[in-house]
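Reminder, nothing fancy here: chain letters follow the sequence lines and each chain counts from 1.
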Amino acid sequence: MLRYILSLSLILATTLTWAQKTDEELSKEEKKLANRGNPGLAVGIDLAPFITHFFADERFGVEANARLTLNRKWQVAAELGYENVDINNTKMEYTSNGSFIRAGVDYNVFKVEEIGNNDNILLGVRYGIAVQEHDCPRYTIEEGYWGPANGSIGTSTVGSHWAEFVFGLRSEVLKNIYMGWSVRVRSIINVGKDNELEPYSIPGYGRRDRPTNLSFTYTLEYQIPFKKRN
Amino acid sequence: MNAKNYWQLIIIAILIISSSCTENDLCLSGQSNIQAGLYSGSSGVAKDTSLNGFYLWGLNAPNDSILIDSVKTKSMHMPVDINIDSSKFVIREKAIASDLNDTLIFYYQRQLSYVSGECGFTYNLNLDSVKYTNNFVDSVVIDYASVLYNENLENVKIYIEP
């Protein structure tokens, strides 16, 4: 329940900031001026992995992102990160360390009604690639009658690919400082396999045992504008 | 787009996030069991039958403990030893006053299979062959060789002599 409340409050915080700016009527020329866009390069971090770690302490990750705003409509985005997984329960010990990169484009569907409003409503796509090294020093398969079986699986390297669709809001909360959230629908394309061990979690994708993952990002970005703003 | 549409999108997004947090990590036990059905050996065709009570135990199992002590049944689950590639069972009908019993030996290949981080691993099996004695068991036939996690299908038909 706490997870829902936290997710909701983060989303509403961004959304309310964004929603407060939309109640002014502009003339045609003013609308044109307001919608000229704010080209620039933004760099930031994603706070969602820290939130994920709070609820799933076996996973720890960090993620940075870069966003190139070309014009009012189009943005090119790249996200780079790292994830570590440590599991130690009665069934298995498992460790994984890996990195990922996601790249793609976002399309801004938001027509602003206020000069100087650089908020975005984004629809986008990403292609993700992850490489991770993982091993299983111990596994135990319980068998109640004959007795358990124990074993281990050595280190292997796995490469994974996936695609994702993005829906998100991005709001300029201070001059050149953006906050945003996005919902991601991720679908796995391929997971490499060279032994019996499958990844528990794929860096940048999430849990491996789901062919489709739903997740969210909550980003904080600083944008270096290409033009001096009025 | 107007503000009303934006709020609709936001509500949809919240619902998606909420649904994504629902986890279903139910771990199943007893997944390396051979499922056997009992059939009449006299009919020539597969016809259900039942034993009026029998004992089943694994040979060389810890303490040779009784696995099944049944009054009347048409089917049974036989867990296999997942540390080796064969398992021996002894079946004895309760109704027979003597020590008449039969031994069944199942040979199989084990395939380690990852289930999930919470449930760990399991062994999927592929039944290769079966050997048996013929005191009151007429024959044993492998009908479906795969023993897979979260699959509930009969693997073996045991024909009982009339």
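Taking all atoms of both residues into account, the shortest heavy-atom contact from B:Ile82 to A:Gly147 is CG1-O, 4.5 Å. Nearest heavy atoms, B:Glu118 versus A:Lys91: O-CG, 3.5 Å. Considering all non-hydrogen atoms of both residues, A:Glu143 and B:Pro79 come closest at OE2-CB, 3.2 Å. Across all non-hydrogen atoms, the minimal contact from A:Trp146 to B:Lys88 is CH2-O, 3.7 Å.
When each of B:Val115, B:Asn60, B:Leu67, B:Thr122 is scored by its heavy-atom pairs under 4.5 Å with chain A, the top score falls to B:Leu67.
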Derivation of the side-chain contact (heavy atoms from CB on, under 4.5 Å) call for B:Tyr114 and A:Tyr139: CA-CA 10 Å; B:Tyr114 175 78; A:Tyr139 66 80; over 6 Å; no
Derivation and outcome, side-chain contact (heavy atoms from CB on, under 4.5 Å), residues B:Asn83 and A:Asn150: CA-CA 8 Å; B:Asn83 282 291; A:Asn150 298 295; over 6 Å; no
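Put simply, the side chain of A:Asn89 never gets that close to the backbone of B:Cys119: no donor and acceptor are under 3.5 Å apart.
Contacts of B:Ser113 with chain A are absent, with no heavy-atom separation under 4.5 Å from either backbone or side chain. Both the backbone and the side chain of A:Tyr145 come within contact range of chain B, judged by heavy atoms closer than 4.5 Å.
Counting only heavy atoms from C-beta outward, the side chains of A:Met92 and B:Phe121 approach each other to under 4.5 Å.
With values rounded to the nearest 0.5 angstrom, B:Leu112 atom CG is found 5.0 Å from A:Ile141 atom CD1. Atom CZ of A:Arg208 sits about 12.5 Å away from atom OG of B:Ser116, to the nearest 0.5 Å.
In B:Tyr149, the OH atom is crowded: over 12 heavy atoms of neighbouring residues, nucleotides or ligands sit closer than 6.0 Å. Atom CD of B:Gln111 has 12 or fewer neighbouring heavy atoms from other residues, nucleotides or ligands inside a 6.0 Å radius.
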